[in-house]
Amino acid sequence: MRSEYQHLIDLNDYPVSWWKKVVELGEEIRNDPKRFAHECDGKVMATLFYEPSTRTQMSFQTAMIRLGGQIIGFDNPANSSVSKGETIKDTTKIVSSYADVLVIRHPIAGAAKAASLTADCPVINAGDGGHLHPTQTLTDLLTLKIEKGRLTGLTIGMCGDLINGRTVHSLCKALSMFENNKFVFISTPELRMPAYIKDIIKANGSTFEEVNTIEEAIGNLDVLYMTRIQQERFASREDYLAQKNTYVLDRKKMLLGRKDLIVMHPLPRVDEITVDVDDDPRAMYFTQAKYGVFVRMALIMTILQEKKPSETLKGKVYPAVKCDNPRCITNHEEYLPKSFRSKGGESLLECEYCDERKLV
Ligand code: ASP
């Protein structure tokens with residue numbers, strides 16, 4: 001299925017050269033933001049935030065304003081017709097006729113892809129449930145490029161809620177495309193990185209190991225990427241409480257890290273990094289959030305200027321097959337074509353919206 005608009009749903013829909021171009025433009029903007037002040041004069045960006053956000057929403061809005069454009073949207077679906085039962089299809093159809101670009105965040109995996117199927121303007125995925133967060137990854141790539149000087153040959157530790165953390169999913173998919181990157185996944189057995197992400201890492205020729213503690217990994221890392229335990233994605237409060245506070249990065253653990261380590265975090269931080277780490281020059285998370293504006297400026301410019309069509313669904317539609325993931329958009333918006341990629345013959349299918357696998 002093709003759309004005449006250029007969407008960003010998953011970074012891996014584009015070649016690495018495209019991400020590099022966006023990141024490089026982000027760096028140029030950072031060095032001289034005023035030069036870009038009229039790039040989007042007269043353009044309107046809509047932000048549809050069905051889920052809470054501070055940095056992503058505000059950095060997108062700031063980005064558009066700094067490019068000379070205007071913004072509309074909602075950050076609380078209760079104040080929109082969503083509360084009256086409107087589908088993503090209808091909201092998207094209408095808002096995309098008001099705006100030149102639409103930025104959507106939603107608690108359900110695959111929602112941004114669903115929006116892209118009907119939108120009459122480009123759609124940018126600003127986080128879909130526990131699935132992906134491509135613009136956080138662009139932010140992270142710009143941070144690594146500036147602060148480490150490279151996107152290759154890095155040993156990256158990822159710590160915390162690796163099963164539900166969409167930022168680490170997108171980042172693994174991206175960084176495994178660059179040469180000689182190694183991942184160290186630090187989590188409890190319950191919160192390990194999903195199998196499909198590990199398969200992508202292997203297929204891209206990168207390696208990973210799984211460990212249980214920060215202490216055993218930190219000394220070998222170039223980057224430690226901390227994540228919050230995603231309370232809102234747990235089935236019960238008990239399950240969440242069992243994981244809460246497992247990983248806390250503090251000054252004592254930082255002593256074990258190298259001098260050239262950097263600590264990243266997509267934020268918000270809850271209690272996984274103690275505040276006294278903030279003064280350590282290796283703590284990069286506030287700088288990282290600042291870089292988000294520049295890279296989002298670069299992304300908005302690229303998407304509005306390139307105007308390339310996108311392939312929205314590449315798999316095969318199986319009308320009678322249901323995705324097994326209750327938090328997949330196809331189980332919430334019934335009209336969506338049930339599209340799957342076949343993995344190893346017709347018997348193993350992967351949902352194109354949320355990547356959940358299913359044997360048929
Ligand atoms: N802000 C990030 C996200 O939207 C990280 C988080 O919420 O923990 O996924």
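Note that ligands are numbered from 1 as they come in the structure, with each ligand's atoms numbered from 1 the same way. Predicted model, so just to flag it, every value in this text is computed and none were measured.
At a heavy-atom cutoff of 4.0 Å, ligand 1 is contacted by the side chain of Q230 but not by its backbone. If you look at T227 next to ligand 1, there are no close heavy atoms at all, none under 4.0 Å.
Scanning E51, E272, R166, R55 for the heavy atom closest to atom 3 (C) of ligand 1 points to R166.
Side-chain atoms of W18 and E306, non-hydrogen and from C-beta on, do get closer than 4.5 Å to each other.
More than 12 non-hydrogen atoms from other residues, nucleotides or ligands lie less than 6.0 angstrom from CD of E215.
The backbone N or O of K338 lies less than 3.5 Å from no partner atom in the side chain of Y353, so there is not a single donor-acceptor pair. Under a 3.5 Å cut-off, the side chain of E272 and the backbone N or O of I229 do not form any donor-acceptor pair.
Remark: minimum distance from atom 1 (N) of ligand 1 to any protein heavy atom is reached at L267 O, 2.8 Å.
Short contacts between ligand 1 and R228, defined as distances under 4.0 Å to a heavy atom of the residue, involve ligand atoms 6 (C), 7 (O), 8 (O). In the vicinity of T167, heavy-atom distances shorter than 4.0 Å reach the ligand 1 atoms 2 (C), 9 (O).
R105 counts as a contact of ligand 1, since one of its heavy atoms falls under 4.0 Å from the ligand. The closest approach between a heavy atom of T56 and any atom of ligand 1 is not below 4.0 Å. At least one heavy atom of P268 sits closer than 4.0 Å to an atom of ligand 1.
Under a hydrophobic clustering in which Ile, Leu, Val, Met, Phe, Trp and Tyr are joined whenever their side-chain heavy atoms come within less than 4.5 Å, directly or via other members, M158 and Y196 fall into the same cluster.
Evaluated for a salt bridge (Lys or Arg N to Asp or Glu O under 4.0 Å) with D222, the options R150, K182, R282 yield exactly one hit, R150.
D13 has a carboxylate O that lies under 4.0 Å from a charged side-chain N of K314, or vice versa, which qualifies the two as a salt bridge.
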